[in-house]
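Fair warning: this is a prediction, and the values are worked out from it, not measured in the lab. We count residues from 1, following the sequence as given.
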Amino acid sequence: MILGITGGFGCGKSSVLRFFESENWFIFDADAVCRSFYDTAHPDLVKCIRDNFGEDFFSSGNCIDRAKLGTRLFSRPEEMKLITDILYPLLTGELVRCINMCRKKNINGAFELPLLYEAGFEKFFDAVMAVWCPVELRKQRLRNRNFTPEEVDRRDRMQIPPEEKLERADYGIINSGSLNELEEQLKKSVIILNKY
């Protein structure tokens, strides 16, 4: 089973991914993969940032100031596209490589991609699971992680609404209770998924 996991910002996708890791599935965290392109100063990314935004977005040498860049990009969707046009092909290459590895080894894989539908990645998966929680709870969780309401709103505007992701997915997880309640739902889901 090659499972794509998505959901709104702050819905609990990472908790779901950790559950699948505890079940010995191969896991893929798209945010971590994209961070690695920044951290290793991928030449295409460095060139794009230098050409379009200048030296202000580098802390030293080729070290990209992700926080500063993120603040700018989340308020300017047209500039965000300059970066996603570089990142998406790189991410797609790594995604396809890992999916092929899972298929070759005949192992289950759980792939967390916040922008799975936005990027058209659903075609790569046997099934998609969307994680959802009520908007106020989601915003409270994000406040607890030190995101400002403005940051949350900016990110929300760049994504398909969580309700639509839930509607489009093959499996839905409602993450509005405790971690134990989330894990109980996932235990039931994994029994079904392991039969695929």
Once rounded to the nearest 0.5 Å, what's the spacing between atom CG of Leu95 and atom CG of Leu90? 12.5 Å

Going by the rule side-chain hydrogen bond (donor to acceptor under 3.5 Å, both in side chains), which residues pair with Asp153 if we only count those two or more places apart in sequence or in a different chain? none

If hydrophobic clusters are built from ILVMFWY residues whose side chains come within less than 4.5 Å, do Met80 and Phe9 share one? no

For Gly10 and Leu142, work out which heavy atoms get closest and say how close. CA-CD2, 3.8 Å

Donor-acceptor pair, Asn175 side chain versus Cys11 backbone, under 3.5 Å? yes

Is it the case that the side chain of Gln185 and the backbone of Ile174 share a donor-acceptor pair, with hydrogens and angles ignored and the cut-off at 3.5 Å? yes

Return all side-chain donor-acceptor pairs below 3.5 angstrom for residues 113-122, not counting sequence neighbours, or 'none' if the list is empty.
from: Tyr117; atom 1: OH; to: Arg168; atom 2: O; distance (Å): 3.4
from: Tyr117; atom 1: OH; to: Ala169; atom 2: N; distance (Å): 3.3
from: Glu118; atom 1: OE2; to: Ile160; atom 2: N; distance (Å): 2.7
from: Glu118; atom 1: OE2; to: Lys165; atom 2: NZ; distance (Å): 3.2

Heavy-atom closest pair, residues Cys133 and Arg141: SG-NH1, 3.4 Å

Side chain to side chain, Phe28 and Leu91, heavy atoms closer than 4.5 Å: yes

In short, side chain to side chain donor-acceptor pair (under 3.5 Å) pairs touching residues 28-43 with sequence neighbours left out are Asp39-Arg66

Would you mind reporting whether Val190 and Leu186 have side-chain heavy atoms less than 4.5 Å apart? no

Any side-chain heavy atom of Glu183 sitting closer than 4.5 Å to one from Ser22? no

Side-chain contact test, heavy atoms from C-beta onward, threshold under 4.5 Å: evaluate it for Leu82 versus Ile49 and give yes or no. no

Check: Ile2 and Phe124 side chains under 4.5 Å, non-hydrogen atoms: no

Apply side-chain hydrogen bond (donor to acceptor under 3.5 Å, both in side chains) to Glu55 and list each qualifying residue two or more places apart in sequence or on a separate chain. Arg50

Whether the Asn180 and Glu184 side chains hold a donor-acceptor pair (N or O, under 3.5 Å, no angle test) is what I'd like checked. no

Quick check: are there more than 12 heavy atoms from other residues, nucleotides or ligands sitting under 6.0 Å from CD of Glu167? no

Is any side-chain N of the basic residue among Asp156 and Arg138 closer than 4.0 Å to the acidic one's carboxylate O? yes

More than 12 heavy atoms of other residues, nucleotides or ligands under 6.0 Å from NZ of Lys81: yes or no? no

Gap separating the CG atom of Leu17 from the NZ atom of Lys13, nearest 0.5 angstrom: 10.5 Å

Quick check: do Ile99 and Val96 have side-chain heavy atoms less than 4.5 Å from each other? no

Linked, directly or transitively: Leu45 and Val33 (ILVMFWY side chains, under 4.5 Å): yes

Step by step, work out the salt bridge (charged side-chain N to carboxylate O under 4.0 Å, His left out) result for Arg18 and Glu21. CA-CA 5 Å; Arg18 284 194 298 273; Glu21 184 176 31; over 6 Å; no

Apply side-chain hydrogen bond (donor to acceptor under 3.5 Å, both in side chains) to Glu151 and list each qualifying residue two or more places apart in sequence or on a separate chain. Thr148

Is any side-chain heavy atom of Phe53 closer than 4.5 Å to one of Lys68? no

Report the C-alpha separation of Asp126 and Arg103 in whole Å, then their side-chain angles, then the decisive distance to 0.1 Å, and conclude whether the salt bridge (charged side-chain N to carboxylate O under 4.0 Å, His left out) test is met. CA-CA 11 Å; Asp126 299 324; Arg103 294 207 189 278; 3.1 Å; yes

Is there a side-chain contact (heavy atoms from CB on, under 4.5 Å) between Val128 and Tyr171 once you walk through the steps? CA-CA 6 Å; Val128 173; Tyr171 299 94; over 6 Å; no

Judged by atom type as modelled, is there a donor-acceptor pair below 3.5 Å linking the side chain of Ser178 to the main-chain atoms of Glu181? yes

Check the pair Asn194 / Trp25 against side-chain contact (heavy atoms from CB on, under 4.5 Å), numbers first and verdict last. CA-CA 10 Å; Asn194 279 331; Trp25 284 43; 3.6 Å; yes

Are the side chain of Asn108 and the backbone N or O of Met1 linked by a donor-acceptor pair below 3.5 Å? yes

Answer yes or no: is there a side-chain heavy-atom contact under 4.5 Å between Asp170 and Phe125? no

Any salt bridge (charged side-chain N to carboxylate O under 4.0 Å, His left out) pairs touching residues 105-114, not counting sequence neighbours? none

Let's go through Phe19 and Ile173 carefully: what are the C-alpha distance in whole Å and the side-chain angles of both, what is the deciding distance for side-chain contact (heavy atoms from CB on, under 4.5 Å) to 0.1 Å, and is it a yes or a no? CA-CA 13 Å; Phe19 172 83; Ile173 296 295; over 6 Å; no

Separation between CD (Glu79) and CG (Leu69), nearest 0.5 Å, reads 9.0 Å

From Ile64 CD1 over to Cys48 SG, what is the distance, rounded to the nearest 0.5 angstrom? 9.5 Å

Would you please indicate yes or no on a ring centroid separation below 6.0 angstrom for Phe111 and Phe26? yes

Assess the residue pair Phe37 and Ile86 against the criterion (side-chain contact (heavy atoms from CB on, under 4.5 Å)); give the C-alpha distance rounded to whole Å, side-chain angles, the decisive distance to 0.1 Å, and a yes or no. CA-CA 10 Å; Phe37 299 137; Ile86 300 291; over 6 Å; no

Salt bridge or not for Lys139 and Glu136, using N-O below 4.0 Å? no

Is it the case that one hydrophobic cluster holds both Leu193 and Val16, taking links as side-chain heavy atoms less than 4.5 Å apart, direct or via other members? yes

